[in-house]
Amino acid sequence: QVQLVESGGGLVQGGGSLRLSCAASGRTLSSYFMGWFRQVPGKEREFVATISRYGFSTTYADSVKGRFTISRDNAKNTVYLQMNTLKPEDTAVYYCAAASAGTSSTYPPLRYDYWGQGTQVTVSS
C-alpha cells in the first residue's frame, strides 16, 4: 500500500552529522506511524526511532536519544532522521518503516507493515 525509499546515507567522520530521508509513495503518509531501524551484519534489526502520524509523539532508542531526531513532513510524503554526534557504533544499514494507523491502532506501533530497502551509514573513527 505504501512504498518507501531511503536516501542520504554515506560515510561520515565520528562527531559528524547526517540526515536520512524516507520518501513514501502510495497512501497518504499521515495514515502511518513511521519508524527508523538499523541493522549490521550478523545482528538483529534494532529499533532507532518512531513518530506518530502528525509528529506529536516521538520515541527513541536509548542508544540514540539526544543525538538523533525523527521528523516528518506529510505534505512532502517524507520522513527524516537527523543524526548528530555520530559514533562508529552507529554504522549500520538504516531502514525506514511504516505502520498502518487506524482508529484502533496504538502508538508506539507493535509492528510495522512496510519497509524500505535500506541505506548504508558508515561512521569512521
Side-chain angles (χ1 to χ4, degrees):
Q1 194 170 9
V2 62
Q3 297 183 42
L4 308 173
V5 180
E6 302 94 334
S7 63
L11 174 64
V12 298
Q13 291 187 342
S17 298
L18 202 62
R19 188 181 76 163
L20 305 183
S21 298
C22 173
S25 61
R27 191 177 179 184
T28 179
L29 191 63
S30 63
S31 298
Y32 303 94
F33 302 135
M34 300 298 296
W36 286 97
F37 293 75
R38 64 188 183 185
Q39 187 172 30
V40 299
K43 296 184 179 179
E44 295 183 351
R45 188 167 295 183
E46 175 190 14
F47 167 78
V48 175
T50 191
I51 189 168
S52 60
R53 293 176 65 186
Y54 300 101
F56 296 137
S57 298
T58 56
T59 306
Y60 298 92
D62 289 341
S63 59
V64 306
K65 192 173 299 182
R67 299 188 298 119
F68 290 12
T69 302
I70 186 172
S71 62
R72 65 192 299 162
D73 187 337
N74 290 338
K76 296 182 178 180
N77 292 326
T78 304
V79 180
Y80 305 95
L81 184 67
Q82 178 66 47
M83 305 183 294
N84 298 325
T85 320
L86 283 163
K87 306 175 181 179
E89 308 92 270
D90 296 318
T91 296
V93 176
Y94 283 71
Y95 296 89
C96 177
S100 298
T103 56
S104 61
S105 62
T106 301
Y107 178 88
L110 298 177
R111 80 173 200 276
Y112 292 81
D113 303 303
Y114 305 96
W115 297 82
Q117 83 291 343
T119 184
Q120 176 70 47
V121 172
T122 303
V123 185
S124 63
S125 59

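The structure presented is a predicted model; accordingly, all values stated were derived computationally and were not measured.
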**Request:** Would you sort out whether Lys87 and Asp90 count as a salt bridge (charged side-chain N to carboxylate O under 4.0 Å, His left out), showing the intermediate values?
**Result:** CA-CA 5 Å; Lys87 306 175 181 179; Asp90 296 318; over 6 Å; no
**Request:** Kindly indicate, with the supporting measurements, whether the criterion side-chain contact (heavy atoms from CB on, under 4.5 Å) is fulfilled by Tyr60 and Arg67.
**Result:** CA-CA 10 Å; Tyr60 298 92; Arg67 299 188 298 119; over 6 Å; no
**Request:** Please step through side-chain contact (heavy atoms from CB on, under 4.5 Å) for the pair Gln120 and Thr91, ending with a clear verdict.
**Result:** CA-CA 8 Å; Gln120 176 70 47; Thr91 296; 3.9 Å; yes
**Request:** Could you check Phe68 against Ile70 for side-chain contact (heavy atoms from CB on, under 4.5 Å), going step by step and ending with a plain yes or no?
**Result:** CA-CA 7 Å; Phe68 290 12; Ile70 186 172; over 6 Å; no
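Counting heavy atoms from C-beta on, the side chains of Gln1 and Asp113 never come closer than 4.5 Å. Proximity of Phe33 to Pro108: side-chain heavy atoms (C-beta onward) are nowhere separated by under 4.5 Å. Inter-residue side-chain proximity for Leu20 and Glu6 is flagged as unmet; no heavy-atom pair is nearer than 4.5 Å. Side-chain contact between Tyr80 and Asp73 is present, with at least one heavy-atom pair separated by less than 4.5 Å. You'll find the side chain of Cys22 reaches within 4.5 Å of the side chain of Trp36, heavy atoms only.
Atom OG1 in Thr122 sits 6.0 Å away from atom CG in Leu11 (nearest 0.5 Å). Separation of atoms OG (Ser63) and CZ (Arg38) is listed at 4.5 Å; rounding is to 0.5 Å. Once rounded to the nearest 0.5 Å, the distance linking CZ of Arg72 with CG of Leu81 reads 13.5 Å.
Between Phe37 and Trp115, the distance separating the two ring centers is shorter than 6.0 angstrom.
Heavy atoms of other residues, nucleotides or ligands lying less than 6.0 angstrom from CD of Gln3 number 12 at most.
Under a hydrophobic clustering in which Ile, Leu, Val, Met, Phe, Trp and Tyr are joined whenever their side-chain heavy atoms come within less than 4.5 Å, directly or via other members, Tyr114 and Tyr107 fall into different clusters.
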